[in-house]
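As structure tokens, the structure follows; a few thoughts come after it.
Keep in mind it's a predicted model, so treat the numbers as computed, not measured. As a basis for the values below, the full set of heavy atoms in this structure was taken, side chains included, without hydrogen atoms, waters or symmetry mates. Reminder, nothing fancy here: chain letters follow the sequence lines and each chain counts from 1.
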Amino acid sequence: MSDVFEKVMDLAKRRGFIWPTSECYGAVAGFIDYGPLGAMMKRRVENIWRDFYVIQEGYYEIECPTIAQESVFIASGHVKGFSDKMCQCPHCKEFLRADHVAEAGGVKNPSIMKNEDLAAAIASCKCMACEEELGTVEVFNFNLMFQTTIGPGSQRVGYLRPETAQGMFVDFARLLRFYRDKLPFGAIQIGKSYRNEISPRQGMIRLREFTQAEAEIFVHPDEKNCHPSFRRYADYTMPLLTYVQQEKCEEAVPMSMREAVDKGVIANEYLAYYVALTHQLLVTIGIKPERLRFRQHLPDERAHYATDCWDAEIRSDRFGWVETVGLADRTDYDLNAHAKESGTPMTVFIQYDEPKKVARRRIIPNMSVLGKQYRTKAKAIFEALAVASPTADGADVEVDGETIHIPADLFEVRDEIIDVRGEEIVPHVIEPSYGIDRMCYAVLEGAYDEDVADGESRTVMRFSPNVAPIQVAVFPLMTRDGLEEIADTITRSLHKAGILAEYDDSGAIGRRYRRQDEIGTPFAITVDYDTKEDRTVTLRDRDSMKQVRIAIDKVPATVCALVDGSQKFAELE
RNA sequence: GCAUCGAUGGUCUAGUGGUAUGACUUAAGCCUUCCAAGCUUAUAGCCCGGGUUCAAUUCCCGGUCGAUGCACCA
């Protein structure tokens, strides 16, 4: 049985969208090549993404290496948390999650056990695949990160990044300076990430190397409900599938963002804003709204750092609802983790409107006496005194396990009122994270269509004009009488206007239209004999197959307007 | 990774222990005044490695890739 997935992937392979990688050596699962049209389409999708995040939101793009040193991923938790404890069944050779086997066998807290202990604990458990008792097995960590070494001698461990996000976190201090020490600000990155999936399947849905587009938006934790442009999307309405509804097996309910925030369905304005923006972005690249929903993570499904998390899911005929975008409130988890691991503070100084008067007690020791009296212990006493709670007759401080009484005349207690001008806070991070490859797949699957034209079946990719790899085709009706020259001139005028136009004069005109239909070229210009009389050409619409005549001079501007969506073909009729 | 099934020009396919059929596509030419028309010609293929055999695309074993189920994963 041939479903849309098979048809669309077959077309993608044939027409140069997606290829298995390094086919001449035998492809490798989990890796794909984007062919000429696929790479073009992917770039258009990425550029639409940039239109939203860089131009509309003003978050600049940065570009970090795909390899980072181990410390980065120790801090992020990926070295520890991104690996699974696995074992192999000695009977059926099946690889199993050791902690899952343990849980099924009634072992408590397997996730915190050491590998050796876990191996011992599951010896009497049964294999989930063949039901045999496991016996002696080795438990090992399988980390989903690709490991490598940096430099000669295999001295330094490096990993291929499993997400682009960490680059924005480790650059936090630089970014903060760039944005002149003010919240909120954001940074984005589009790039490759790598996960050594145990068993990649499903074509381009789960890849070992994939392209992510992520935004990290740094915001004051108290201002998550004060998005400065929230009004833009306050009335934006879309179906939301909350975790409560999921538990009751109910359907998604349409709701405006204002309502979702007010009812506490979405945790805050920032998250709601990017939920709406994501919906708009996906519709812009041609995803049909009826194939789109936003699903909230169940509480036990959330990553350890996230408080609220929503996935944009796109319905695929083959794969069902596919998670394509993740929108998470990562709180201050990442910045705290990197601050601790690196020793670099990752805070923002927030100045108060008015300095606050704060009462503070300072203990000022008389060091000239203390120093002489206590010699080598004096420094420790000095530090201990600063946090001591003195009474009228002095203070007891503990130094090296010894309690020393410091008489009251050896220090001065000064209670003072000082001005506090602000505070250091750790920003929270709102993270929209897009799987570009999955978006591209959704665009391909959603565009695929077969219809009947003049009694013949026609395969047509109904791409939105803004993502179609080739934007317009130019044909001379006949390859003679100077029609080719006119068509060639028009092609070049389109190139000059930044339009990717393809000239084609091979074969019958109908065949040329069908060829372009199959790769989703939205418009075609045909030069015919009338062109020589009145300097007009026909402009043909891929979806309706209708034609209008327009003047040659207006071709570039008209095609530009049609491609960017500011004009509809129907308006020209 | 396990199990089952599969793999023949770019695509779909026929067939075989003795190098392969047909169609579509593509290219060149002829023809052609708007939706895969026609004619001529050309290009192009048995997934990889090993074994059995005089000879393997075909039979056997192993692998790769793909589909499905399990497991895993988002």
TODO: Go ahead and name the base partner of B:C31; Watson-Crick or wobble counts if both distances stay under 3.5 Å, otherwise write none.
DONE: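 Base-paired to nothing in any strand shown.
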- [ ] Return the nucleotide paired to B:A42: Watson-Crick means purine N1 to pyrimidine N3 with N6-O4 or O6-N4, wobble means G-U with N1-O2 and O6-N3, both under 3.5 Å.
- [x]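 Result: B:U26.
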Once you round it to whole Å, what is the distance between [atom2] of [N] and [atom1] of [X]?
| X | N | atom1 | atom2 | answer |
| --- | --- | --- | --- | --- |
| A:E23 | B:G45 | CD | P | 15 Å |
| A:D437 | B:A74 | CG | P | 17 Å |
| A:L144 | B:A71 | CG | P | 18 Å |
| A:I525 | B:C35 | CD1 | C1' | 16 Å |
| A:R514 | B:C24 | CZ | C1' | 15 Å |
| A:M478 | B:C35 | CE | P | 10 Å |
| A:Q212 | B:A74 | CD | P | 13 Å |
| A:D504 | B:C34 | CG | P | 17 Å |

Task: Pairwise distance CD1(A:I470) to CD1(A:I519) - rounded to 0.5 angstrom - done: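 So the CD1 of A:I470 and the CD1 of A:I519 are separated by 3.5 Å.
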Open item on the list: Given the structure, check if the side chain of A:R540 and the base of B:C34 hold any donor-acceptor pair shorter than 3.5 Å.
Closed with: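 Side chain to base: no pair below 3.5 Å.
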Task: Residue met sooner reading RNA chain B from 5', once A:R14 and A:E456 are mapped to nucleotides - done: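 Its nearest nucleotide lies further toward 5', so the answer is A:R14.
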TODO: Could you say whether A:R195 or A:Q547 is positioned toward the 5' end of RNA chain B, judged by the nucleotide with the nearest heavy atom to each?
DONE: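 Final value for this comparison: A:Q547.
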Go through [options] for me and flag the one nearest to the [X] side chain.
| X | options | answer |
| --- | --- | --- |
| A:R438 | B:A74, B:G66, B:A67 | B:A74 |
| A:T479 | B:U32, B:C72, B:C12 | B:U32 |
| A:D10 | B:C12, B:C34, B:A74 | B:C12 |
| A:V28 | B:C34, B:C65, B:U33 | B:C65 |
| A:T538 | B:U11, B:C72, B:C34 | B:C34 |
| A:A508 | B:C35, B:A37, B:A74 | B:A37 |

Task: Residues A:Y441 and A:T324: side-chain donor-acceptor under 3.5 angstrom - done: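 On atom types as modelled, these side chains do not qualify, holding no pair under 3.5 Å.
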Phosphate OP1/OP2 of [N]: any [X] side-chain N/O under 4.0 Å:
| X | N | result |
| --- | --- | --- |
| A:R15 | B:U25 | no |
| A:S506 | B:U26 | no |
| A:R511 | B:U25 | yes |
| A:R515 | B:U26 | yes |
| A:R318 | B:U68 | yes |
| A:R480 | B:U33 | yes |

Would you call the rings of [X] and [Y] parallel, tilted or perpendicular if under 30° counts as parallel and over 60° as perpendicular?
| X | Y | result |
| --- | --- | --- |
| A:Y53 | A:Y274 | parallel |
| A:H338 | A:F169 | tilted |
| A:F146 | A:Y194 | perpendicular |

Open item on the list: Between A:R318 and A:E445 (salt bridge meaning N to carboxylate O under 4.0 Å), is one present in this structure?
Closed with: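 The answer is no: the pair does not qualify as a salt bridge.
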Open item on the list: Syn if the chi torsion is within 90° of 0, anti otherwise; quick check, which is B:U13?
Closed with: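 You should classify B:U13 as anti.
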